[in-house]
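One structure below.
This structure is a prediction, so every number in the text was calculated from the model and none was measured. Chain A is the first sequence line, chain B the second, and so forth, proteins listed ahead of strands; every chain is numbered from 1. Side chains are part of it too, since the values below use all heavy atoms of this structure and drop only hydrogens, waters and symmetry mates.
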2 protein chains.
Amino acid sequence: MALEVQVLKLFKMKSGISKSLNNSVAKAFHLLDYFNVAKPEWGVRELAKETGANKSTTYRMLATLESLGVLRKDEISEKYSLGLKLFELGNRVSIQSAFVSQTHPVLKQVAEEITETVHLGILKDNEVFMVDKIESPKGLQLNSVIGTSSPAYCSGLGKILLAHLKQGDLKQALESIDLKTNTEFTITKKTILKKELEQIKIQGYAIDRQELELGLICVAVPVYNQKNQVIAALSAAGPSIRFQEEKVESYVATLKKGARTIQQKIGNFKI
Amino acid sequence: MALEVQVLKLFKMKSGISKSLNNSVAKAFHLLDYFNVAKPEWGVRELAKETGANKSTTYRMLATLESLGVLRKDEISEKYSLGLKLFELGNRVSIQSAFVSQTHPVLKQVAEEITETVHLGILKDNEVFMVDKIESPKGLQLNSVIGTSSPAYCSGLGKILLAHLKQGDLKQALESIDLKTNTEFTITKKTILKKELEQIKIQGYAIDRQELELGLICVAVPVYNQKNQVIAALSAAGPSIRFQEEKVESYVATLKKGARTIQQKIGNFKI
DNA sequence: AAACACTGTTTCATATATTGAAACAATTAA
DNA sequence: TTAATTGTTTCAATATATGAAACAGTGTTT
């Protein structure tokens, strides 16, 4: 029995995978992971060296993937890169459902710990698009609806997402935003909003204190992918009556833990 | 030797594949092809029945792909669908990362100006491969799907791309094409198609007048890179009821403006 | 011109992984 | 209860993947 095989079996045992998984398929996708932005092209021998696999094996795997259109081979350099088949398959993925299926259990966990309503949102056309929601177990329900958008400047989710935009994108977003007054606490001046966003980016979380709706407070943190790009935001929201200033720290900690769990699950996913 | 294996070997021989390809990997990607827009979710037994494979084999393949994140399993229905891993890999393909991410905003701009559905396509194996699409804001949706291929001889995109092939490549392409009748307007004679392609190359744009589908008209222009190689085509498509002959000029102008913007953005990129 | 260093590719005995019928487990419907 | 679904596991039979070595190119250096 080759060493590699022993290691694989050991890995399977340790990770609790008792199922008999298809080795070749796992190897194929493991190989595809080496084709990234940093190094999108590989030759047979260099890839074999990098992965530690035999060059015959690597050659046949690459040839197989090429014949399927999963990889393509540059005719001149004879190097391989990711092919149109993956583009095709990638376009078929329903990201909404694929993403939520990963994040939903995390939201549930966070909601149980915080015992308030938890939201997951992304920025879409400079508004907050609600991707998923777990209702507070305490009963008091919010009127937020999955699949709808709402203004970004007056919610915790929105502010943390705006705060992490690239400078140019933020400038563009601020220009297109109309700061309507929702409550006496709503931020209605762009200079003030700008300063608050800077502060939010530094402190790593955002609080909405009744800026959208009287009596509603929410705390939000960013969700990163494994490239450390902010791709979503996670928040806990509840009635201001229940809200205690000294709890903010613990809310943020729980939310950040959830955000990290999501980060581990989703890889390099980007909306 | 099982029958299935004999058939596979026969297939390999007939298609001129002498190389020893990895069976399991080929089967895995063959399986993934069953997850399409028409049927995005599959259970173990129904997929086994559809593919003609054994249900144990199918089960293990699906479980393997799920453990890799290539598929995801709905917890309630226990059915499988395409997962985030494929989305991630699809986004790493150079056509996505180096091309579509650049061209998408241009398509959006063109679609807003023309207020019809806009497509971006390339030539792949003598067919039109749909790279990107912006739906018409007018609502009437076309059944085109990103990541799929369709015949080149009966679409605006295809005709403009064929027209700009090198003579030798065009000759080869025309030989391999089968001019099937889709509508009463479809070009079915190669001599006529040849003449039309010459005309199209001279005038700089192509029109498909209900050649693929009754009631569907589209106008297409070539997209050049900075080496002045035609690398893609840009089109506007809509119902023939809305189509006015005198608008062609303005459509072509807007499309060409978009094509030039893309040219500036992408440098010497080649598909 | 010969030797070298670097590619990708093929061979073949052998070790390994995949296969499928059957049995099992767990739900749901009649 | 019976019947008809579903997903899952088992194990011997068998097809398949493996890797060292040889081969076949290409371009570079001696």
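- Applying the 4.0 Å criterion to OP1 and OP2 of D:dG19, one finds that A:Thr57 has a side-chain N or O inside that range.
- Note on B:Lys190 versus B:Asp178: no salt bridge recorded, every NZ/NE/NH1/NH2 to OD/OE distance being 4.0 Å or above.
- C:dT19 atom P lies 12 Å from atom CG of B:Leu62, rounded to whole Å.
- Residue A:Lys27 places no side-chain N or O under 4.0 Å from the OP1 or OP2 atom of D:dT16.
- The side chain of A:Tyr59 contributes an N or O atom lying less than 4.0 Å from OP1 or OP2 of C:dT9.
- Spacing between atom NZ of B:Lys49 and atom P of D:dT6 amounts to 8 Å, rounded to whole angstrom units.
- The residue among A:Glu46 and A:Ser24 whose nearest nucleotide of DNA chain C is located toward the 5' end is A:Glu46.
- B:Glu41 places its CD atom 12 Å from the P atom of D:dG7, with the value rounded to the nearest Å.
- At whole-Å resolution of the value, CZ in A:Arg45 and P in C:dT10 are 14 Å apart.
- Below 30°, between 30° and 60°, or above 60°: for B:Phe129 and A:Phe87 the angle between ring planes is between 30° and 60°, a tilted geometry.
- In this structure, A:Ser77 and B:Lys55 both approach DNA chain C, and ranking their closest nucleotides by distance from the 5' end singles out A:Ser77.
- Side-chain N/O atoms of B:Lys73 include one lying less than 4.0 angstrom from OP1 or OP2 on D:dT8.
- The phosphate of D:dA17 has neither OP1 nor OP2 within less than 4.0 Å of any side-chain N or O from A:Asn23.
- Taking the charged nitrogens against the carboxylate oxygens, B:Glu88 and B:Arg92 do have a contact shorter than 4.0 Å, which makes a salt bridge.
- Going from atom CG of B:Leu21 over to atom P of C:dT10 covers 10 Å, rounded to whole Å.
- Applying the 3.5 Å distance criterion, the base of D:dG19 shares a donor-acceptor pair with the side chain of A:Arg60.
- For the pair A:Asn54 CG and D:dT16 P, the interatomic distance rounds to 20 Å; values are reported in whole Å.
- The pair B:Glu135-B:Lys133 counts as a salt bridge, with a side-chain nitrogen and a carboxylate oxygen less than 4.0 angstrom apart.
- Taking 3.5 Å as the limit, the base of D:dT8 and the side chain of B:Ser56 contain no donor-acceptor pair of atoms between them.
- A salt bridge links B:Glu46 and B:Lys79; the closest N-O separation between the charged side-chain nitrogens and carboxylate oxygens is under 4.0 Å.
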